[in-house]
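Worth knowing before you read on, the calculation uses all heavy atoms, side chains too, and leaves out hydrogens, waters and symmetry mates. For this chain, numbers begin at 1 and follow the sequence in order.
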Amino acid sequence: MADNTGSRLPRRDEIEEKFKWRLEDIYPNDEAWEADSKEVRVFNEEISKFKGTLAESPQRLLACLKFCDKMLSLNDKLFIYARMRRDEDNTNPKYQALTDRAMAMNTEAYAAVSFIVPEIISIPEETLSSYMESFEGLHMYKQYISEIMRQKKHILSESEEQLLALASEMANAPSDIFTMFNNADIKFPFIRDEEGNEVELTKGRYIKFLESNDRRVREDAFHALYDTYAKVRNTLASSLNNNIKKNRFYTIVRRYDSCLEAALDNDNVSTVVYDNLISTVNKNLPLLHRYLRLRKKALKLDRLHMYDLYVPIVEEPARSVSYDDALKMVYKGLQPLGSQYLADLDHSFKSRWIDVYENEGKTSGAYSWGTHLTHPYVLLNYQGTINDVFTIAHEMGHALHSYYTNKTQPYIYSEYKIFVAEVASTVNESLLIRYMLENTRDKKEKAYLLNHFLEEFRGTLFRQTMFAEYEKAVHERIEAGEALTSHDFCSIYRGLNEKYFSDEVLVDSDIDMEWSRIPHFYSSFYVYKYATGLSAATSLSQQILKEGAPAVDRYLGFLGSGSSDYPINLLKKAGVDLSSPKPVEDAMKVFEGIINELEALI
């Protein structure tokens, strides 16, 4: 089966192989996974032999760090394979069990290496400096060790770090429970589509319904989705509440002043960056309100409802885009990135890096993931919309960021910081839409794409900042010793919607429950990086289009940098300074310019 346009979701075995990712590139079979799982347990025992010896010599320190990298790299491979197998179908008990085992091994592995950082901290700084200067083998670990010393005051004793590592599996309980509920157990009702057919509502189909030109379909999908979540509001409130309490626990034990500071310090990013984003976006809310007035006018509505925010205000030129056509569009749109990037992109398309269609039990949404030892992968739930085409460009931005980092950097720097993660994905989207705008002569198609561009800004710069503001508000309530019930979560969320949408939208009561279905709230203080990432990407894409090869070279250097430097520094080298509000302000100017263009067309 090539797609899932029927009323029933296909089973995993009904999807054609060419539309499934090839996880055999990680492990040819589960038996190979089992063999490596035994090796990791041996590594866990072997690493303990380094305990108490790291100060003896630079050679001993280097040997330990290299052994640790080897162990954790293999451990990652085990975990990622198991989890991605489960993501194919979360109802499959075999891979539920394999993922549980992988998580347990992950906990054991990080507990086994938990002595390393405290032991490095215990080495006198002058001794450590002499090791770094005199022993060439340690030069590779300079950024890693410098970062440890920067965070020295937040690192605990060896026994305390071991306890925290052992507790990590329990600490992940709120997120794990939400993930299983939201992907495996939750069931939505059937609604009537535009032709009056009874169709099962799914998370993958939800946005497609909200993009329907039939307002009745939009409204039915909206109410059906949030009514389903509202039935378990107290359970979901408890889950999110305990995730925030977990964050508060780690904030206290690691001696940070706030959960926000603790979260941002991992990237060496000041809370000023976060606050600047919120304040700059708040100052520019009149631009959002202007766009909403244009939306209302174009849709010929007396009043906008929350379910009117995603329907294109210009009729979509093509109702459905085949997956093959989507790949061609992405390839052509990314030509400004040069021949090497295009060759690697083409290779990924032809080598089954991508899992394309939705099936029963499959994890919702889209992501890119992989290991240092293999190429990256992309999970999609492709529905054939223009948004899905941009999702391909977005996730391939992540994938090739990982691909170039893994080719260039050692394991220790292979996991680039989340702060820069959304830059590569959004550069791809920006280049794709510019290509599409330049290659259409159809006035309606241009208007449609401009609207899509505006939606990118609304959904990323405004919406994700509203999420960021929400996260800050609920964490501050817990930090102040207050309780948070489902009523409180709903009330705070409603207040922000009313501020962001003002009188331009009737804030339907159902939207009060939206907080309950946002997976990113379980990766706290993550979403603001979408907004800063869009701001950086807007600047970088403009540089690539205007300067050509020099900007591309800087950008590809950035893609291969991983975490070899702090994210703010990496972006400065690429050509963007996010330590000031200027990139956000400049992005707002671009947003305003697109509004001007669209107003002239409709």
Side-chain angles (χ1 to χ4, degrees), residues 25-26 62 65-77 80 132 136-148 266-268 334-349 351 353 367-378 393-428 431 529 533 536-537 540-541 543-544 547-576 578:
D25 292 348
I26 304 179
L62 177 62
L65 292 176
K66 283 188 170 181
F67 192 82
C68 176
D69 286 351
K70 184 178 180 181
M71 182 181 89
L72 293 182
S73 181
L74 188 59
N75 182 72
D76 288 352
K77 186 179 175 184
I80 289 168
M132 299 295 294
E136 186 176 346
L138 280 173
H139 290 177
M140 181 178 77
Y141 291 93
K142 182 178 179 180
Q143 173 68 14
Y144 168 75
I145 292 175
S146 296
E147 176 63 1
I148 289 174
N266 186 51
D267 294 328
N268 195 21
L334 300 184
Q335 286 185 0
L337 292 176
S339 58
Q340 185 59 58
Y341 192 97
L342 290 175
D344 294 326
L345 183 69
D346 185 57
H347 174 71
S348 72
F349 290 162
S351 304
W353 291 15
Y367 68 66
S368 172
W369 203 15
T371 82
H372 188 250
L373 299 174
T374 63
H375 61 77
Y377 289 87
V378 166
H394 181 103
E395 297 303 336
M396 290 314 302
H398 287 311
L400 288 185
H401 191 177
S402 298
Y403 182 66
Y404 288 128
T405 287
N406 289 339
K407 284 178 65 175
T408 308
Q409 300 296 331
Y411 173 78
I412 193 72
Y413 303 129
S414 64
E415 189 172 344
Y416 49 79
K417 296 292 187 178
I418 293 172
F419 187 84
V420 298
E422 295 306 325
V423 173
S425 56
T426 312
V427 162
N428 277 13
L431 293 175
K529 299 167 191 179
L540 288 171
S541 60
Q543 292 174 44
I544 289 166
E547 297 178 32
V552 170
D553 289 344
R554 291 197 305 269
Y555 180 65
L556 293 182
F558 161 76
L559 293 184
S561 296
S563 58
S564 59
D565 199 350
Y566 296 119
I568 291 287
N569 295 339
L570 293 175
L571 285 169
K572 282 182 180 178
K573 294 173 187 175
V576 178
L578 276 174

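Remark: Glu547 pairs with Arg554 by the salt bridge (Lys or Arg N to Asp or Glu O under 4.0 Å) rule, at least two apart or across chains. Here Asp69 pairs with Tyr141 under the side chain to side chain donor-acceptor pair (under 3.5 Å) rule; sequence neighbours left out.
The environment of NZ in Lys417 is crowded: more than 12 heavy-atom neighbours from other residues, nucleotides or ligands sit within 6.0 Å.
Side-chain atoms of His398 come within 3.5 Å of backbone N or O of Ala421 as a donor-acceptor pair. When atom types are taken as modelled, the side chain of Tyr413 and the backbone of Asp565 share no donor-acceptor pair closer than 3.5 angstrom. A distance-only check finds no donor-acceptor pair linking the side chain of Ser351 to the backbone of Trp353 [under 3.5 Å]. Remark: side-chain polar atoms of Tyr555 are not paired, donor with acceptor, to backbone N or O of Val427 under 3.5 angstrom. With hydrogens and angles disregarded, a donor-acceptor distance shorter than 3.5 Å links the side chain of Thr405 to the backbone of Leu559. Between the side chain of Asn75 and the main chain of Met71, no donor-acceptor pair closer than 3.5 Å is present.
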Is there a side-chain contact (heavy atoms from CB on, under 4.5 Å) between Val378 and Met396? Walk through the geometry before answering. CA-CA 7 Å; Val378 166; Met396 290 314 302; 3.8 Å; yes
Do His375 and Tyr377 pass the ring pair (Phe, Tyr, Trp, His ring centres under 6.0 Å) test, and can you show the C-alpha distance, the side-chain angles, and the key distance before you say yes or no? CA-CA 7 Å; His375 61 77; Tyr377 289 87; 4.5 Å; yes
Evaluate side-chain contact (heavy atoms from CB on, under 4.5 Å) for Thr374 paired with Asp25, printing each intermediate quantity in order. CA-CA 7 Å; Thr374 63; Asp25 292 348; 5.5 Å; no
Yes or no on side-chain contact (heavy atoms from CB on, under 4.5 Å) for Tyr566 and Glu147, after CA distance, side-chain angles and deciding distance? CA-CA 9 Å; Tyr566 296 119; Glu147 176 63 1; 2.6 Å; yes
Check the pair Glu422 / His394 against side-chain contact (heavy atoms from CB on, under 4.5 Å), numbers first and verdict last. CA-CA 9 Å; Glu422 295 306 325; His394 181 103; 3.2 Å; yes
Would His401 and Phe558 satisfy ring pair (Phe, Tyr, Trp, His ring centres under 6.0 Å), going step by step from the backbone distance to the final call? CA-CA 9 Å; His401 191 177; Phe558 161 76; 5.4 Å; yes
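Taking every heavy atom of both residues into account, Ala424 and Gly397 meet most closely at CB-O, 3.6 Å. The two residues Val552 and Pro336 come nearest to each other via the heavy atoms CG2-O, 3.2 Å. The shortest heavy-atom contact between Gly575 and Gln543 is O-NE2, 3.1 Å. Residue Pro376 comes nearest to Ala399 through the heavy atom pair CG-O, 3.1 Å, listed as atom of the first residue, atom of the second, then distance. The two residues Leu65 and Leu138 have their closest heavy-atom pair at CD1-CD2, 4.2 Å. Gly137 and Leu62 make their closest contact through O-CD1, 3.4 Å (heavy atoms, listed as atom of the first residue, atom of the second, distance).
Interatomic distance, CE of Met132 versus CE of Met140, reported as 10.0 Å (0.5 Å rounding). In this structure, the separation between OH on Tyr403 and NZ on Lys407 is 4.5 Å, given to the nearest 0.5 Å. The line from CG of Asp267 to NZ of Lys529 is 4.0 Å long, rounded to the nearest 0.5 Å. With rounding to the nearest 0.5 Å, the separation of CG in Leu345 from OH in Tyr341 is 6.5 Å. Rounded to the nearest 0.5 angstrom, Leu334 CG and Leu431 CG are separated by 6.5 Å. Between the CG atom in Leu400 and the CG atom in Leu337 there is a gap of 9.0 Å [rounded to 0.5 Å].
Side chain to side chain, Ser564 and Ser561 fail the donor-acceptor criterion of an N or O pair below 3.5 Å. Side-chain N/O atoms of Gln143 and Ser146 include no donor and acceptor closer than 3.5 Å.
Counting heavy atoms from C-beta on, the side chains of Val423 and Leu571 come closer than 4.5 Å. Between Gln409 and Tyr416 the shortest side-chain heavy-atom distance does not fall below 4.5 Å. For the pair Val576 and Leu540, the minimum side-chain heavy-atom distance is below 4.5 Å.
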